[in-house]
Amino acid sequence: MPTQPWFTDAKLGIFIHWGIYAVDGVQESWSFYDDIVPHDRYMSQLERFTGAKYDPREWADLFARAGAKYAVLTTRHHDGVALWDTEFGDLNLGKDYLGPYAEALREKDLKVGFYYSHSDWNHPDYATTRKPGRPPELEDNPYSECAAEDEDLAGWERFLAYRDGQIRELASRYRPDLMWFDGEWDRSEEQWRIPELAALIRSYVPDVVFNARMLSEGDYATPEQGAPIEPPDGPWELCLTINDSWGYQHADHNHKSLTQLIRYFTETIGGGGNLLLDVGPMEDGTIPQPQVERLEGLGEWIGKHAEAVYGTVRGLPAGHHYGPSTLSADRRTLYLTLFDIPRAEIGVRGLVTPVRKVTVLGTGAELGHRVVGGLHDAVGVLWIDPPALTDLDPHATVLAVELEGGLELYRGSGRF
């Protein structure tokens, strides 16, 4: 899946789940869909949403300080409530929150991303059909589907016209760099008319990037919450919450530590992906302080180790080094991440290219190194002296291994 060069070098994006669900701090959309919160109570948040302290320039400044290169805002979740003054459908906040957001991001040279759900569980014409092949004996959720005998294809056409109208507004008004779709599981690609939808967006933004939930039109894979053990081939992005919730929930204080987030980040970029790290602003538009602190801390770590982040590609396959790594674009510098205080020399296996120098990124301290062993094609192990305690980073230390030429690895099994 080819994609734009800016995306693969971005490394960090910020996901923003903001909507009426922040008023009561309930789960976005699913809380009424799964009958956890009564539908009328959920929708009453629409009248109580203020956005009183919404300051997109403050958001953009924070995201830039975090080291992010793009952000993705929920323009409309499965609940159908739009964050802009759409002319299609009855559910919006009566104000355009997207224009100021897009302008603020671009002032900071950040790419503009929009989340949009294919599904709309509040639209009167949405539950007029069901996904082909869905067994009729399965219980129907009235927000998303109807019984097979009650299908109304004319109603589905009205829904698609509404969907296309909103998408046309987003693409023509704001020219997003990235469209992050969701809710694709509810219908088939043919029902969504994915190629036609992609063509509509590209008619306004030819270079737009799509996530994989645009199905055959997707540009990159989108694993969610669970960090992949074996990274996907091609471009990809891990979307991850800072605590346990996407949107703001008052009772969720289970925030990941800064060290944990740096581990997620280094493991993701080491596998050739981007980390899309989620924040859930409160209903007034304020990002909770624990999330601000973690973004700022992540930005400080990235700033110190920027050489090992931007302009790099995926690093060593598993087994060569006990930790993630990245590789410079010219393949002549390998960046090794150390999570813990080394108790002995650091080993790198299968490195064919001779090493010129090893330094600690951020301090410049040079480390001794030597190759031990090897037979015929099977190369010896590179052993690197451990850094002094004063050269270690409190979260993750990075070693820059400068090579005599382009990286070449031995991946064989040795002599039998």
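What you see is a predicted model; the values in this text were computed from it and never measured.
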Show the numbers, then the answer: is there a side-chain hydrogen bond (donor to acceptor under 3.5 Å, both in side chains) between Asn122 and His39?
CA-CA 10 Å; Asn122 264 315; His39 182 265; 2.7 Å; yes
With a 6.0 Å cut-off on ring centres, are Phe339 and His395 close enough?
no
Without swapping roles, check the side chain of Lys256 against the backbone of Thr241 for a donor-acceptor pair under 3.5 Å.
yes
For Asp186 and Trp121, does a side-chain donor sit closer than 3.5 Å to a side-chain acceptor?
yes
Go through it in stages, so that I can follow the logic: the residues are Glu402 and Arg356, the test is salt bridge (charged side-chain N to carboxylate O under 4.0 Å, His left out), and I'd like the CA-CA distance, side-chain angles, deciding distance and then a yes or no.
CA-CA 5 Å; Glu402 298 180 31; Arg356 190 171 72 84; 2.4 Å; yes
Side chains of Gln27 and Ser245: is there a donor and an acceptor less than 3.5 Å apart?
no
What residue pairs, at least two apart or across chains, pass salt bridge (Lys or Arg N to Asp or Glu O under 4.0 Å) with a residue in residues 89-106?
Arg57-Glu103, Arg106-Asp177
Exam field: side chain Glu224 to backbone Leu240, donor-acceptor pair closer than 3.5 Å
no
Would you say the side chain of Leu334 lies within less than 4.5 Å of the side chain of Val355, judging by non-hydrogen atoms?
no
Within the 3.5 Å criterion, strictly below it, is a donor on Thr86 or Asn92 matched to an acceptor on the partner's side chain?
no
Would you say the side-chain atoms of Thr353 pair up with the backbone N or O of Leu403, donor to acceptor, closer than 3.5 Å?
no
Quick check with a 6.0 Å cut-off and a 45 degree axis cone: is Lys11 positioned over the face of Tyr70's six-membered ring?
no
Does the side chain of Leu277 reach to within under 4.5 Å of the side chain of Leu261, using non-hydrogen atoms?
yes
Going by atom types alone, do Tyr33 and Asp79 pair a side-chain donor with an acceptor below 3.5 Å?
no
For Trp156 and Trp192, what are the C-alpha separation, side-chain angles and deciding distance, and is it a ring pair (Phe, Tyr, Trp, His ring centres under 6.0 Å)?
CA-CA 10 Å; Trp156 183 247; Trp192 292 129; 5.8 Å; yes
Please check if the distance between the ring centroids of Phe159 and Tyr126 is under 6.0 Å.
yes
Using a 4.5 Å cut-off on heavy atoms from C-beta on, say whether the side chain of Leu338 contacts that of Val398.
no
So Arg202 and Asp207, salt bridge (charged side-chain N to carboxylate O under 4.0 Å, His left out) or not? Walk me through it.
CA-CA 7 Å; Arg202 290 186 179 123; Asp207 294 331; over 6 Å; no
Out of the candidates Leu238, Leu276, Asn211, only one should pair with Thr222 under the side-chain contact (heavy atoms from CB on, under 4.5 Å) rule; please name it.
Asn211
Short side-chain to backbone donor-acceptor contact, Thr286 and Met282, under 3.5 Å:
no
Applying the side-chain contact (heavy atoms from CB on, under 4.5 Å) criterion to Val348, which one of Leu316, Val381, Val401 satisfies it?
Leu316
Does a donor on one side chain and an acceptor on the other come within less than 3.5 Å for Asn254 and Asp244?
yes
Would you say the side chain of Leu327 lies within less than 4.5 Å of the side chain of Leu407, judging by non-hydrogen atoms?
yes
For Leu91 and Met43: C-alpha separation, side-chain torsions, deciding distance, then whether side-chain contact (heavy atoms from CB on, under 4.5 Å) applies.
CA-CA 10 Å; Leu91 292 181; Met43 295 310 299; 4.0 Å; yes
Test: Arg76 cationic atom under 6.0 Å from Tyr115 six-membered ring centre, within 45° of axis:
no
side-chain contact (heavy atoms from CB on, under 4.5 Å) for Arg193 and Leu197? Distances and angles first, verdict last.
CA-CA 6 Å; Arg193 298 181 191 166; Leu197 179 61; 5.9 Å; no
Ion pair Arg168/Asp164, N-O distance below 4.0 Å
no
Glu145 with Lys131: basic N within carboxylate O range, under 4.0 Å
no
Do Val279 and Ile14 have side chains that get closer than 4.5 Å, going by heavy atoms?
yes
Donor-acceptor under 3.5 Å (Thr359 side chain, Leu361 main chain)
no
Contact check, side chains of Ser31 and Tyr42, non-hydrogen atoms, under 4.5 Å:
yes
Taking the six-membered ring for Trp, are the ring centroids of Trp18 and Tyr97 within less than 6.0 Å of each other?
yes
Checking Arg213 against Phe181: charged group under 6.0 Å from the ring centre and within 45 degrees of the axis?
no
Modelled atom types, side-chain donor and acceptor of His78 and Ser117, under 3.5 Å
yes
Measure from the side-chain N and O atoms of Arg175 to the backbone N and O of Tyr204, and report whether any donor-acceptor pair falls under 3.5 Å.
yes
Modelled atom types, side-chain donor and acceptor of Glu283 and Tyr21, under 3.5 Å:
no
When you check the side-chain N and O atoms of Tyr162 and Asp120, is any donor under 3.5 Å from an acceptor?
yes
Kindly indicate whether the side chain of Asn274, heavy atoms from C-beta on, has any atom under 4.5 Å from the side chain of Thr268.
no
Yes or no on salt bridge (charged side-chain N to carboxylate O under 4.0 Å, His left out) for Arg411 and Asp377, after CA distance, side-chain angles and deciding distance?
CA-CA 10 Å; Arg411 300 280 290 165; Asp377 292 338; over 6 Å; no
Criterion side-chain hydrogen bond (donor to acceptor under 3.5 Å, both in side chains) on Trp84 and Glu169, from CA distance to verdict:
CA-CA 9 Å; Trp84 76 103; Glu169 287 178 335; 2.8 Å; yes
Is it the case that the side chains of Thr74 and His17 hold a donor-acceptor pair, with the cut-off being a distance below 3.5 Å and no angle test?
no
Heavy-atom donor-acceptor pair, His123 side chain to Gly80 backbone, under 3.5 Å:
no
Taking Lys69 as the fixed residue, which of Phe63, Phe7, Tyr310 is the one that meets the side-chain contact (heavy atoms from CB on, under 4.5 Å) rule?
Tyr310
Between Asp284 and Arg48, is the salt bridge (charged side-chain N to carboxylate O under 4.0 Å, His left out) condition met? List the steps.
CA-CA 10 Å; Asp284 66 0; Arg48 294 180 283 130; over 6 Å; no
Out of Phe210, Tyr174, Trp180, which one pairs with Phe114 under the ring-ring contact (aromatic ring centres under 6.0 Å, His included) rule?
Tyr174
Non-hydrogen side-chain atoms of Phe265 and Ile302 separated by less than 4.5 Å
yes
Return all side-chain donor-acceptor pairs below 3.5 angstrom for residues 146-155, not counting sequence neighbours, or 'none' if the list is empty.
| from | atom 1 | to | atom 2 | distance (Å) |
| --- | --- | --- | --- | --- |
| Glu151 | OE2 | Thr129 | OG1 | 2.5 |
| Glu151 | OE2 | Arg130 | N | 3.2 |
| Asp152 | OD1 | Ala154 | N | 3.2 |
| Asp152 | OD1 | Gly155 | N | 3.2 |

